[in-house]
Amino acid sequence: MKYEHQPIEKKWQDKWEEAGVFHASNESDKPKFYALVEFPYPSGQGLHVGHPRPYTALDIVARKRRLQGYNVLYPIGWDAFGLPTENYAIKNHIHPAEVTKKNVARFKQQIQSLGISFDWSREINTTDPDYYKWTQWIFLQLFQRGLAYKKEMAVNWCTSCKCVLANEEVVDGVCERCGSPVVHKVKSQWMLKITEYAQRLIDDLDLVDYPERVKAQQKNWIGRSTGAEVDFTATTGDKLTVYTTRPDTLYGVTYMVLAPEHPLLEKWKDTISNWDEVRAYQDAAARKSEFERTEVAKEKTGVRLDGVAAVNPVNGVEIPIFISDYVLTSYGTGAIMAVPGHDTRDWEFAKKYGLPIIEVVKGGDVEKEAFTDCDTGIMVNSGILDGLTVEEAKVKIKEFLEEKGIGHNKVNFKLRDWVFSRQRYWGEPIPIVYCEKCGYVALPESELPLRLPDVKSYEPTDTGESPLAHMTDWVNTTCPHCGGPAKRETDTMPQWAGSSWYFLRYMDPHNQEVLASKEAMEYWSPVDWYNGGMEHTTLHLLYSRFWHKFLFDIGVVPTSEPYAKRTSHGMILGENGEKMSKSRGNVVNPDDVVREYGADTMRLYEMFIGDFEKSAPWNPSSMKGCRRFVERFWNFQNIAVPGGVRKELETSFHKTIKKTGEDIENLKFNTAIAALMSLMNEIYDTGSITVEELKIFTILLNPFAPHVTEELWEQMKFGGGMVCQQAWPVYEEAKCQEDTIEVAVQVNGKVRARILVAADLDKDGVLAQAKSEAKIASEIAGKKLVKEIYVPGKLVNIVAK
RNA sequence: GCGGGUAUGGCGGAAUUGGCAGACGCGCAGGAUUUAGGUUCCUGUACCGCAAGGCGUGUGGGUUCGACUCCCACUACCCGCACCA
């Protein structure tokens with residue numbers, strides 16, 4: 001009997017939707033389980049085979065949890081604002097909203113053809129005004145508490161998208177999205193003070209269950225470092241503060257370096273005798289692109305300031321001051337003290353400009369190279385610190401600095417505030433107006449959502465203004481504060497805005513009064529299990545944690561962290577082992593796979609392909625094994641006989657129930673499927689399957705292959721509704737153990753025989769049986785038995801000399 | 001440079017409180033059924049060897065009765081960050 005997957009899969013997808021079996025309830029006596037996958041950006045290309053991997057994985061978890069009696073929320077939606085849609089709209093003269101609608105319809109149809117048990121009654125879309133009303137509302141809360149502010153600053157400007165990018169969106173000096181060069185441009189931008197949450201974003205990682213690599217990457221990105229700020233004095237009398245992580249090396253300072261943009265330079269204009277040279281260097285630094293300036297390999301350059309010097313506060317020594325573009329204004333104080341004896345960059349710089357190098361920690365040879373690996377060394381040439389260990393010196397110097405009032409401990413972060421405006425059309429309008437008299441004024445809540453106006457042209461402008469700026473009717477408005485003339489903000493929010501809180505909306509997606517009701521959030525929070533890509537670790541994941549902490553602080557959400565557990569899937573690569581992409585021509589469309597092999601086979605294949613957390617190349621030849629597995633399951637019908645679980649298969653069934661359940665929770669879908677395959681092989685070896693056995697097998701397989709299991713359940717007239725409404729089988733620990741077990745017998749660590757023993761036989765009994773084995777007896781004959789080891793149920797090792 | 005990870009048959013991959021390496025699947029070889037087979041079923045399959053046996057988890061050491069697993073020193077590759085003082 002051939003399994004016709006096409007009509008059968010469609011049939012069950014329709015039935016599930018009609019019956020609403022996957023709709024979550026906000027009121028239930030059952031325990032809740034909130035599973036979340038990152039909602040997709042509905043691009044024009046449609047789904048590729050990478051998308052279903054995480055969806056299927058959490059679908060398996062969600063389906064299994066439902067069978068176990070949980071009230072499961074497994075929602076989906078569309079992260080639909082963004083550049084590709086807007087660009088497509090411009091090119092083809094279609095409104096971005098129309099493009100979005102079309103793409104969403106295609107994505108939805110594709111996802112539904114995979115049999116994912118999403119709760120479609122909670123579908124959301126970030127471009128829906130009923131949704132972005134609340135994105136704007138959150139922005140206003142940030143603004144009213146001083147966490148959103150406007151700032152004139154040099155920003156990353158993509159020359160092709162004609163748009164500002166966040167630091168996180170610039171990769172190797174080019175735009176992450178289109179690969180065009182990124183240059184610096186001074187513009188007035190909306191910023192969000194994520195830096196205010198830097199410490200808590202690190203600390204609270206202890207509260208959540210994230211993979212170590214995700215935690216490490218976030219910590220690395222936030223970049224906390226501890227050190228001290230120390231005040232040097234310039235010969236002009238100005239205070240010159242530096243940040244250092246090594247205040248213990250203060251006696252080794254032989255010069256200072258300022259960033260070319262350091263504000264004191266302008267003040268010293270008349271004192272610096274080589275001002276022309278300094279100005280030329282400043283200009284050159286300003287012209288460099290982000291990429292040129294951060295290129296690591298390049299040689300350090302700088303200019304010495306003539307006529308101004310600095311005085312080291314610990315020993316009164318006068319030292320020269322340089323400017324160099326390797327010192328950044330955006331980190332620390334924009335000025336550093338240079339210790340060439342113990343810092344590689346300072347050492348190179350000192351060698352190049354012939355500056356003195358002083359050893360302050362013993363152990364290296366500072367004439368040959370900087371001695372940086374010196375945490376265990378002893379201080380020398382360091383006045384009050386001489387003879388101390390580095391560790392002791394750190395404590396003593398800090399006491400000294402504080403006593404004299406010339407320095408104090410300081411924590412610094414690499415994390416910068418989040419550049420939040422984009423000069424594009426297809427994003428949430430920022431609900432702020434600018435009034436000559438009152439400055440930036442928040443729109444009253446009653447005017448939300450502030451809808452995107454219908455513009456004729458979405459073309460980005462070369463002036464760096466948003467396309468919205470041309471809509472004078474829309475731009476010109478009145479100030480909500482004083483009633484005078486005012487202009488609307490014409491920049492829009494970045495794509496990350498809508499995705500920073502979407503998981504809250506799923507809890508109560510149709511609420512018109514608040515972003516989600518208190519009751520709904522208290523019931524569903526936090527997300528129990530959130531799976532997503534590693535590429536979002538320092539973008540979406542960090543941003544949404546920040547917004548959630550803010551919403552927690554103002555009493556909107558009940559938990560300080562949004563996601564209790566995070567997991568990450570590996571990428572599906574092309575057949576050639578390279579990343580799937582249109583340009584490489586190795587993209588596989590899931591529609592073709594579903595048509596040829598069926599959704600169940602596709603799901604099994606993607607889960608069986610390898611370790612879920614690692615990337616794996618697409619290999620259609622092993623698809624056959626999964627299809628074969630589905631058909632062999634289907635053919636169980638041909639050998640089904642009445643009866644309960646047979647004695648000889650009892651242990652196997654208990655073991656498989658245990659393993660399948662545990663493996664699903666541990667993301668080990670590949671071994672869960674392998675266990676089911678093994679059980680199937682064992683069943684076929686007996687020549688038949690009993691009705692009870694088939695029922696259990698069907699329920700175990702259902703989360704992986706939902707369609708074929710439903711159809712077989714119906715064909716067999718097992719009753720009680722659909723498979724997805726049954727109860728997950730329960731195993732007994734005691735019955736996972738065989739009565740008779742095989743024990744390997746080793747002599748001096750090498751396996752020489754295998755014996756069958758009763759499971760409850762004690763050590764002496766097993767050893768006696770092992771030694772009576774002919775092979776073993778001859779091996780140990782005439783030798784002295786030194787040691788005898790028995791690992792219960794596994795092996796015996798006899799050490800003989 | 002810093003941080004994280006990986007290395008096992010022809011291939012994807014199993015196996016971790018140290019205890020039978022190669023589960024499961026693909027592929028391949030042989031056989032059965034079939035008019036036929038890109039179907040199904042059975043058998044075999046790390047490597048060397050006819051066999052007894054030997055050898056084997058990136059490399060080199062170590063601990064142990066016993067190491068894919070633990071320790072030390074390397075190599076190669078992948079990912080993230082990177083002039084962060």
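Here is the naming used below: chain letters follow the sequence lines, and residue numbers restart at 1 for every chain. Because only heavy atoms are used, hydrogens play no part in the values below, and waters and symmetry mates are left out as well, while side chains stay in.
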Would you kindly say whether [X] and [Y] are connected by a side-chain donor-acceptor distance under 3.5 Å?
{"X": "A/Asp600", "Y": "A/His5", "value": "no"}
{"X": "A/Tyr331", "Y": "A/Ser225", "value": "yes"}
{"X": "A/Thr56", "Y": "A/Glu606", "value": "no"}

Strand RNA chain B in bracket notation, Watson-Crick/G-U under 3.5 Å with | for pairs to another chain
(((((((..(((......[....)))((((((.......)))))).((....))...(((((..]....))))))))))))....

From B/C84, B/A85, B/G4, pick the nucleotide closest to the side chain of A/Ile336?
B/A85

Among B/A21, B/C84, B/A15, the nucleotide that comes nearest once only the side chain of A/Tyr331 is considered:
B/C84

Is there, by distance only and without an angle test, a donor paired with an acceptor across the side chain of A/Lys300 and the base of B/C83 below 3.5 Å?
yes

Confirm from the modelled atom types if A/Asn220 and B/C81 form a donor-acceptor pair under 3.5 Å, side chain to base only.
no

For [X] and [N], is the shortest distance between a side-chain N/O and OP1 or OP2 below 4.0 Å?
{"X": "A/Ser225", "N": "B/A85", "answer": "yes"}
{"X": "A/Lys794", "N": "B/G19", "answer": "no"}
{"X": "A/Tyr243", "N": "B/C84", "answer": "no"}

Provide the distance between the two [atom1] atoms, one in [N] and one in [M], to the nearest whole Å.
{"N": "B/G12", "M": "B/U17", "atom1": "C1'", "result": "29 Å"}
{"N": "B/A76", "M": "B/U8", "atom1": "C1'", "result": "16 Å"}
{"N": "B/C72", "M": "B/A21", "atom1": "C1'", "result": "25 Å"}
{"N": "B/A46", "M": "B/A51", "atom1": "P", "result": "13 Å"}
{"N": "B/C79", "M": "B/A67", "atom1": "C1'", "result": "29 Å"}
{"N": "B/G58", "M": "B/G10", "atom1": "P", "result": "14 Å"}
{"N": "B/U63", "M": "B/C70", "atom1": "C1'", "result": "8 Å"}
{"N": "B/G56", "M": "B/G62", "atom1": "P", "result": "15 Å"}

Applying a 4.0 Å non-hydrogen cut-off, can you work out what [X] is touching in the nucleic acid: base, sugar-phosphate, or nothing?
{"X": "A/Arg345", "value": "base"}
{"X": "A/Lys410", "value": "nothing"}
{"X": "A/Arg752", "value": "sugar-phosphate"}
{"X": "A/Glu535", "value": "nothing"}
{"X": "A/Leu795", "value": "base"}

With a 6.0 Å cut-off on ring centres, are A/Tyr353 and A/Tyr255 close enough?
no

Nearest whole angstrom, please: distance from the [atom2] of [N] to the [atom1] of [X].
{"X": "A/Phe413", "N": "B/A85", "atom1": "CZ", "atom2": "C1'", "result": "16 Å"}
{"X": "A/Ile222", "N": "B/C81", "atom1": "CD1", "atom2": "C1'", "result": "13 Å"}
{"X": "A/Asn412", "N": "B/C84", "atom1": "CG", "atom2": "P", "result": "13 Å"}
{"X": "A/Leu205", "N": "B/G3", "atom1": "CG", "atom2": "P", "result": "18 Å"}
{"X": "A/Lys614", "N": "B/A14", "atom1": "NZ", "atom2": "C1'", "result": "11 Å"}
{"X": "A/Glu788", "N": "B/G66", "atom1": "CD", "atom2": "C1'", "result": "15 Å"}
{"X": "A/Lys750", "N": "B/G19", "atom1": "NZ", "atom2": "P", "result": "18 Å"}
{"X": "A/Asp663", "N": "B/U16", "atom1": "CG", "atom2": "P", "result": "11 Å"}

Do other residues, nucleotides or ligands put more than 12 heavy atoms under 6.0 Å from the CE atom of A/Met571?
no

Please identify which of these residues, A/Asp611, A/Asn666, A/Asp663, meets the side chain to side chain donor-acceptor pair (under 3.5 Å) condition with A/Thr671.
A/Asp663

Take the angle between the ring planes of A/Phe697 and A/Phe636 and call it parallel below 30°, perpendicular above 60°, tilted in between.
perpendicular

Which is more 5' along RNA chain B, the nucleotide nearest A/Gly793 or the one nearest A/Asn797? Just name the residue.
A/Gly793

Residue closer to the 5' end of RNA chain B, A/Ala616 versus A/Ala744 (nearest nucleotide)
A/Ala616

Salt bridge (Lys or Arg N to Asp or Glu O under 4.0 Å) for A/Glu348 and A/Lys352? Distances and angles first, verdict last.
CA-CA 6 Å; A/Glu348 282 167 17; A/Lys352 179 170 174 181; over 6 Å; no

So that I can tick it off, tell me whether A/Lys668 and A/Glu662 are bridged by a salt bridge, with the cut-off set at under 4.0 angstrom between side-chain N and carboxylate O.
no

Are any protein N/O atoms closer than 3.5 Å to N/O atoms in nucleotides 22-26 of chain B? If there are, list each pair with its distance.
from  : atom 1 : to       : atom 2 : distance (Å)
B/G25 : OP1    : A/Asn681 : ND2    : 3.2
B/C26 : OP1    : A/Arg628 : NH1    : 2.5
B/C26 : O2'    : A/Ser621 : OG     : 3.2

Check A/Glu613, A/Glu38, A/Glu212 against A/Arg566 for a salt bridge (charged side-chain N to carboxylate O under 4.0 Å, His left out) and give me the one that passes.
A/Glu38

All heavy atoms of A/Ile798 vs all of A/Leu785, minimum pair found to be CG2-CD2, 3.8 Å

Please round to the nearest 0.5 Å and tell me the distance separating atom CE of A/Met580 and atom CG of A/Leu573.
7.5 Å

Which way is the base of B/G38 turned, syn or anti, if we draw the line at 90° from 0?
anti

